[in-house]
Amino acid sequence: MSETARNVPGAAAPDANRWRALIFIALAQLMVVLDATIVNIALPHVKQDLDITVANSQWVVTAYALAFGGLLLFGGRIADLWGRKRAFVIGLTGFAAASAIGGAAQSQAMMFGARALQGVFGALLAPAALSLLAVMFTDAKERAKAFGIYGAIAGGGGAVGLILGGFLTEYLNWRWTFYVNIPFAVVAAAGAYLVIREPEGGRNRSPLDIPGVVLSTLGLVSLVYGFTRAASDGWSDALTVGLFVASALLLLAFVITESRVKAPLLPLRVITDRNRGGVYLSLGLAIIAMFGTFLFMTYYLQTIKGYSPVKTGFAFLPMIAGMITGSTQIGARLMNRVPARLLMGPGFFVAAIGMFLLAQLEIGSSYASLVLPAMLLLGLGMGSAFMPAMSLATHGVQPRDAGVASAMVNTSQQVGGAIGTALLSTIAASATTSYIKDHIATAATKRQGELVQAQGMVHGYVSAIWFAVGILVAASAAALTLINAGRPAAAQVAASGEGVEDEVPVPVIAH
């Protein structure tokens, strides 16, 4: 029995199959993260083959984002209620079925429905995966390694999706960007069914908080859709403003409801803890910066530099390498030696330095001398920060709350991604329009006009990237000031019985 298990009252010996289980949990997480970017590469081909109008094409992405972001808290609570293993396997099975429908889609309605269904099952799968890690790995050193692997996949999977999406779209067809999920899901579900053994006494069998489910789902859907509309219709659009107002009112009502009901969907103790709150905030800020940058760098490399989809995907490889190195070689090795804030704060700041380099982009910038080192720094910084963030997300929670605590990580990522795409895209579009308006009069020839257009696009990207630099610095500051826990590997899921209302501290290491 591990030292941690010996020191926590009532803790059981670690599961002998936990490392094999990690393989299938990581595979499922990779599938979910891949799907966020792989479909973006194929979107132009999907739009053409299914005759989707320009106005409706955003729903290929939005339908997934709304279902996924809106239902995450509900999915986390269902995992706590049903059991994480069962929720995990059902989520994988449903995701595979929805992917098959998407790959076989013959109309835009069929495609939108498949994407929404993917989001529904993804919202069940993602929190179940992270909470399984939280309750299966209780030894400090093992927990560091497990979350290092998980953090590397969570951080680098999106870039892998760009590579895989480019290959599948260029050499097969767009339908394979959906079909590729099926073997991932089948292997992960079969493996999970055979090897995962969820610890006893970790379920939350309290009655489901229906008002909380309705308010949180509608509030998060309104918020995500509001930011999505802002990117396409502007921040002053009446419906956009209405969605933000509705979201604020619904989420306020949700918080009030959760403070009063006996068995809340999201116990406020999960988010009011200083360390967990610091993780959710700093991680959400970092994702805002990263998602927008993925988008701009994809446009820059393909539109300005003329890269193919496959070459663009490979251009992101240094970021993947940096994330894996930062997560497994820096984060995992230091996790047992230094406080979490001294990994997350500097990690986000190193990423900000990488973003600062990208803010120097020009039309003729060299990939080798500017983009590559920037990608490496972004990857190293985010990888070093992601791993302790994933571990601290379930800091001190009871096993019965592990699902909703894990769902909050995914919620901060999903909402952060929606905010980042909308906010930074709007900034870039505004800066581009202003630049072209100020300089187009000096273009005497068609070629000069095209050059001004290209310069305007790069100016827009750089303007948005400067905002991303500031957001990453804010993420670093939030991590350094809000998080005060000790070594993150010591932040175990509390081993308490189902009926205990208060959190049980882990006595191994004082925070």
Side-chain angles (χ1 to χ4, degrees), residues 28-29 31-33 35-36 39 59-84 86-99 101-102 112-132 154 181 185 204 206-228 243 246-247 250-251 253-255 257-258 261 263-267 270-271 280 284 287 393 401-419 421:
Q29 173 66 12
M31 180 190 71
V32 172
V33 177
D35 196 75
V39 175
W59 282 100
V60 177
V61 175
T62 303
Y64 177 83
L66 291 180
F68 189 71
L71 292 171
L72 271 167
L73 286 177
F74 182 46
R77 176 66 180 86
I78 289 294
D80 287 336
L81 178 64
W82 290 355
R84 287 113 199 159
R86 181 181 298 175
F88 185 72
V89 173
I90 291 173
L92 281 166
T93 305
F95 200 93
S99 298
I101 295 170
F112 299 157
R115 289 292 284 160
L117 200 59
Q118 279 186 310
V120 169
F121 285 104
L124 181 62
L125 168 62
L130 183 55
S131 58
L132 276 171
N181 290 329
N204 184 347
S206 302
L208 196 59
D209 171 22
I210 300 299
V213 170
V214 173
L215 290 170
S216 68
T217 301
L218 292 178
L220 288 172
V221 164
S222 297
L223 184 63
V224 173
Y225 188 36
F227 278 107
T228 302
L243 286 165
S247 173
L250 287 163
L251 292 177
F254 171 68
V255 172
T257 300
E258 299 307 276
V261 297
L265 171 70
L266 175 62
V270 171
I271 56 174
Y280 303 146
I287 293 295
D401 290 337
V404 290
S406 301
M408 277 302 302
V409 183
N410 291 284
T411 300
S412 66
Q413 289 178 303
Q414 186 65 25
V415 174
I419 294 172
T421 301

**Fill in**
Scanning both residues in full, the closest heavy-atom pair of Y280 with S412 reads O-CB, 3.5 Å
**Item:** Step-by-step side-chain contact (heavy atoms from CB on, under 4.5 Å) determination, V213 to R77
**Value:** CA-CA 9 Å; V213 170; R77 176 66 180 86; over 6 Å; no
**Asked** Between G75 and L124, which heavy-atom pair has the shortest distance, and what is it?
**Response** O-CD1, 3.8 Å
**Fill in**
On a heavy-atom basis, the closest approach of A67 and V120 is CB-N, 3.8 Å
**Prompt:** To the nearest 0.5 Å, what is the distance between OH (Y225) and CG (L218)?
**Reply:** 14.5 Å
**Request:** For S216 and L251, work out which heavy atoms get closest and say how close.
**Result:** O-CD2, 4.5 Å
**Spacing of CG belonging to L81 relative to CG belonging to L265, to within rounding of 0.5 Å** = 11.0 Å
**Prompt:** Is a side-chain donor or acceptor of R115 paired with a backbone partner of Y64 at a separation under 3.5 angstrom?
**Reply:** no
**L72 and L220: CA distance, side-chain angles, deciding distance, side-chain contact (heavy atoms from CB on, under 4.5 Å) verdict** = CA-CA 9 Å; L72 271 167; L220 288 172; 5.7 Å; no
**Request:** Please name the pair of heavy atoms, one in L92 and one in A185, separated by the smallest distance, quoted to 0.1 Å.
**Result:** O-CB, 3.6 Å
**Request:** Take V224 and F68 through the test side-chain contact (heavy atoms from CB on, under 4.5 Å) and record every step on the way to the result.
**Result:** CA-CA 10 Å; V224 173; F68 189 71; over 6 Å; no
**Asked** Is it true that a side-chain atom of S247 and a backbone atom of L243 form a donor plus acceptor pair closer than 3.5 Å?
**Response** no
**Gap separating the OG1 atom of T257 from the CG atom of L266, nearest 0.5 angstrom** = 12.0 Å
**Prompt:** A263 and D209: which non-hydrogen atoms are nearest, and at how many Å?
**Reply:** O-CB, 3.4 Å
